[in-house]
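What follows is a set of notes on a single structure, which appears directly below.
Given the structure is predicted, the values throughout are model-derived calculations rather than measurements.
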Amino acid sequence: MDGDASNPLPPLTLLRLIRLWPHARRHGREIGQLYRVGYYSPQDGLDCVWLVDRNGAYNWTADHAFVAKHFEMIRRSRERSRYGAQRPRLSPLTDQELPENLRASP
C-alpha cells in the first residue's frame, strides 16, 4: 500500500485491519474491522492518519508505516481535500458505501 507524508492516503479511503500487534485486542481491535482514513489535521500533519471506525468516530491515529503494515486497502478514495475544508465530519459507514462482498447479508 502506498502512502507517506509526502503522498498521504486520501481521506475516505477504506481499509481493513489484517494484522494485530501486542495488546491490540485490549483496545477493541480485531482482524477484519473496517476503517476509513479521516481528514488530516493541520496541527498533526500529513503523516498522522486519523482512522475512523464504522460509527464515524475518529478514535485513533497511526502513521503511514503502521497503516501499511497492519491494513489492506479495500478502496482508494478520490477525495482531494486532505483537510476536509468545507466538508462535513464523516458519518457512520453504510452498507451502500461498501463493496458488495463486504455488505451484510439480507
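Here the CZ-CG distance, from Arg82 to Leu9, works out to 10.5 Å after rounding to the nearest 0.5 Å. Taking CG from Asp63 and NZ from Lys69, the interatomic distance works out to 11.0 Å, rounded to the nearest 0.5 Å. Atom-to-atom distance recorded for Trp60:CH2 and Arg29:CZ is 4.5 Å, nearest 0.5 angstrom. Atom OG1 of Thr61 and atom CG of Leu51 lie 7.5 Å apart (nearest 0.5 Å). The line from CG of Asp53 to CG of Leu90 is 10.5 Å long, rounded to the nearest 0.5 Å. Arg54 CZ to Leu98 CG: the interatomic distance, rounded to the nearest 0.5 Å, is 5.0 Å.
The side-chain hydrogen bond (donor to acceptor under 3.5 Å, both in side chains) check on Ser77 picks up nothing, with sequence neighbours excluded.
In terms of heavy atoms, Tyr39 sits closest to Pro88 at CE1-O, 3.9 Å. Across all their heavy atoms, His27 and His23 have their closest contact at CD2-O, 3.2 Å.
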Between Arg87 and Glu79, is the side chain to side chain contact (heavy atoms under 4.5 Å, CB included) condition met? List the steps.
CA-CA 11 Å; Arg87 306 279 201 287; Glu79 175 64 63; 2.8 Å; yes
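When the side chains of ILVMFWY residues are joined at heavy-atom separations under 4.5 Å, either directly or via intervening members, Val37 and Tyr58 end up in two distinct hydrophobic clusters. Cluster annotation: Tyr83 is not connected to Trp50 through the hydrophobic network of ILVMFWY side chains, with a link wherever side-chain heavy atoms come within less than 4.5 Å. No path of Ile, Leu, Val, Met, Phe, Trp and Tyr side chains, each step under 4.5 Å between heavy atoms, connects Val52 with Leu17, placing them in separate hydrophobic clusters. At a threshold of 4.5 Å between side-chain heavy atoms, the hydrophobic network of Ile, Leu, Val, Met, Phe, Trp and Tyr places Ile18 and Phe66 in two separate groups. In the hydrophobic clustering of ILVMFWY residues, with side-chain heavy atoms under 4.5 Å counting as a link, Val49 and Met73 come out together.
Considering Glu97, Arg76, Arg36, Glu72 in turn, Arg36 is the only one that fulfils the side chain to side chain contact (heavy atoms under 4.5 Å, CB included) rule with Leu14.
The aromatic rings of Tyr35 and Phe71 sit perpendicular, their planes meeting at an angle over 60°, well past the 30° parallel limit.
At a threshold of 4.5 Å between non-hydrogen side-chain atoms, the residues Gln86 and Ser81 do not count as touching.
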